[in-house]
There are 2 protein chains.
Amino acid sequence: MLPGNVSPVTEEEVAGKPTTAVAGTRWLSQDERAAWLANSALMISLPAALDARMQRESQLTFFEYMVLSVLSEEPDHTMQMSRLAARTSASLSRLSHVVGRLEKRGLLARARIPGPGRRTNTTLTEAGYEVVVAAAPGHVAAVREFLIDELEPHELATLNRIGTAVEAAINRAAGSTSVETSVP
Amino acid sequence: MLPGNVSPVTEEEVAGKPTTAVAGTRWLSQDERAAWLANSALMISLPAALDARMQRESQLTFFEYMVLSVLSEEPDHTMQMSRLAARTSASLSRLSHVVGRLEKRGLLARARIPGPGRRTNTTLTEAGYEVVVAAAPGHVAAVREFLIDELEPHELATLNRIGTAVEAAINRAAGSTSVETSVP
DNA sequence: ACGTCGAACTTGACGCATCAAGTTCTACTC
DNA sequence: GAGTAGAACTTGATGCGTCAAGTTCGACGT
């Protein structure tokens with residue numbers, strides 16, 4: 001459980017309604033606050049739990065696994081950097097660092113794309129593919145244990161909706177980074 | 001949107017049912033997979049977006065804000081380290097580092113608790129309180145913009161349920177860290 | 001009374017993420 | 001055709017988080 005990381009004042013000022021503003025701010029209502037706290041705990045604890053387990057079982061970060069996994073699902077185990085970045089919700093910079101490390105470990109390889117522009121392809125190596133395949137069952141098990149198997153079907157559906165909506169709201173606020181997101 | 005960070009194989013092997021196992025693993029069904037992908041995006045993007053904004057507007061991390069905020073809601077602006085750690089879903093180690101930094105910045109102070117055992121209290125300073133108060137409106141606005149205002153009431157309720165359930169599942173798996181979590 | 005255990009921290013080393021800046025291309029402009 | 005804009009990365013410095021150890025205390029056994 002998380003606390004009231006919401007307003008620096010004590011209960012009394014917040015009252016019941018989701019509206020009102022003491023000094024121009026719409027504070028959170030009781031329900032909103034509770035939902036936000038629960039979500040904070042989820043946001044903080046879930047990635048940490050998954051990271052810890054993947055690290056133990058496969059010497060991979062949650063994010064590294066995502067990268068390898070996305071590549072493994074392409075027919076040719078290959079994807080362009082910027083596209084891979086969009087697919088993993090990561091900045092190009094972050095991806096570049098991670099790919100650099102994974103390349104050093106021999107799990108994937110980079111290659112300039114001949115055409116116009118400065119584009120780079122990333123491809124899984126044999127070793128890389130074997131690592132993902134080996135790590136997958138543990139990953140899925142963890143996802144089930146911590147999240148999926150805890151939820152009812154309608155909760156799953158709602159979670160899907162929420163994730164999508166939030167992602168949209170963030171991209172909207174970011175002024176749209178204008179990267180490919182849809183599957184061709 | 002996020003990709004299939006789930007199974008290293010292509011669609012065909014996963015089929016429709018949430019069950020079945022090619023090699024002993026219960027892979028994710030279409031719906032489960034979709035929900036998981038949406039949740040991944042949420043897990044990754046939301047903290048990042050909040051962190052970035054708080055950093056820009058208040059020179060505070062999302063987590064630093066949480067710490068200060070929790071303290072600000074205590075009547076005496078004081079809380080014991082281990083309790084504060086539980087309230088913020090953080091390890092004692094992480095909290096210790098963060099509190100150290102915030103102390104250096106003059107936003108809070110530590111003091112040994114006289115009684116038995118090795119306990120430490122953390123207290124907001126005047127400056128610290130002013131910082132939270134100043135940062136709060138921006139924080140709430142961001143939370144609303146990215147999450148709360150995007151959701152219908154029933155979605156809020158479900159999110160609450162999900163967060164609680166996940167937190168419970170993780171704590172269960174962790175063999176119970178045995179720290180206080182309930183409010184007295 | 002002495003030693004051991006465990007709880008409650010603290011500290012240091014190391015790794016990963018972020019941000020700002022640099023590079024390498026094409027394309028467009030005047 | 002030189003210059004500028006801009007997309008697609010890459011790189012380096014800095015800072016936060018994690019993990020493993022270390023410290024400091026009381027309690028409990030013998």
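Residue numbers start from 1 in every chain, and the chains themselves are labelled A, B, ... in the order their sequence lines are given, proteins ahead of strands.
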> Quick one: does A:Ser89's side chain have a donor or acceptor within less than 3.5 Å of a partner on B:Ser45's backbone?
Replying inline: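 Checked: no pair found.
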Spacing of [X] atom [atom1] relative to [N] atom [atom2], expressed in whole Å:
X	N	atom1	atom2	result
B:Phe63	D:dT18	CZ	C1'	13 Å
A:Met54	C:dC16	CE	P	14 Å
A:Leu95	D:dC9	CG	C1'	10 Å
B:Lys104	C:dT10	NZ	P	13 Å
B:Asp51	D:dG17	CG	C1'	12 Å
B:Arg83	C:dC9	CZ	P	12 Å
A:Ile44	D:dC16	CD1	C1'	14 Å
A:Arg105	C:dC16	CZ	C1'	12 Å

> Do the non-hydrogen side-chain atoms of B:Arg110 and B:Ser96 ever get within less than 4.5 Å of each other?
Replying inline: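 Side-chain contact under 4.5 Å: yes.
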> Do A:Val70 and A:Leu84 have side chains that get closer than 4.5 Å, going by heavy atoms?
Replying inline: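 In contact.
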The side chain of [X] is closest to which nucleotide in this list: [options]?
X	options	result
B:His97	C:dA13, C:dT18, C:dC9	C:dA13
B:Arg118	D:dT11, C:dT23, D:dG22	D:dG22
B:Arg112	D:dC25, D:dT10, C:dC19	D:dC25
A:Arg101	C:dA20, C:dA17, D:dG17	C:dA17
A:Ser96	C:dA17, C:dC19, D:dT11	D:dT11
A:Leu92	D:dT10, C:dT26, C:dG12	D:dT10
A:Ser93	D:dG12, C:dC16, D:dC9	D:dG12

>> Quick check: on DNA chain C, is the nucleotide nearest A:Gly115 upstream (toward 5') of the one nearest A:Thr61, or the reverse? Name the residue that is more 5'.
In response: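 Its nucleotide being nearer the 5' end, the pick is A:Thr61.
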So, is [X] near the phosphate of [N], with a side-chain N or O under 4.0 Å from OP1 or OP2?
X	N	value
B:Arg119	D:dC25	no
A:Gln55	D:dC19	no
B:Ser82	C:dC9	yes

> Between A:Ala52 and A:Gln80, who's closer to the 5' end of DNA chain D by nearest nucleotide?
Replying inline: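 Its nearest nucleotide lies further toward 5', so the answer is A:Gln80.
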>> For B:Arg26, is there an ion pair with B:Glu32 - N to carboxylate O distance below 4.0 angstrom?
In response: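 B:Arg26 and B:Glu32: not salt-bridged.
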> Does any donor-acceptor pair link the side chain of B:Ser91 with the base of D:dC19 at a separation under 3.5 Å?
Replying inline: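 No such pair is found, so the answer is no.
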> NA contact type, B:Arg110, heavy-atom cut-off 4.0 Å: base, sugar-phosphate, or nothing?
Replying inline: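 Touches sugar-phosphate only.
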> In terms of side-chain heavy atoms, does B:Glu155 have a donor or acceptor partner in A:Thr158 at a distance below 3.5 Å?
Replying inline: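 Looking only at side-chain atoms, A:Thr158 and B:Glu155 do not form any donor-acceptor pair under 3.5 Å.
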>> So, taking the atom named CG in A:Asn121 and the one named CD1 in A:Ile113, what distance separates them when rounded to the nearest 0.5 Å?
In response: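 Interatomic distance, A:Asn121 CG to A:Ile113 CD1, rounded to 0.5 Å: 3.5 Å.
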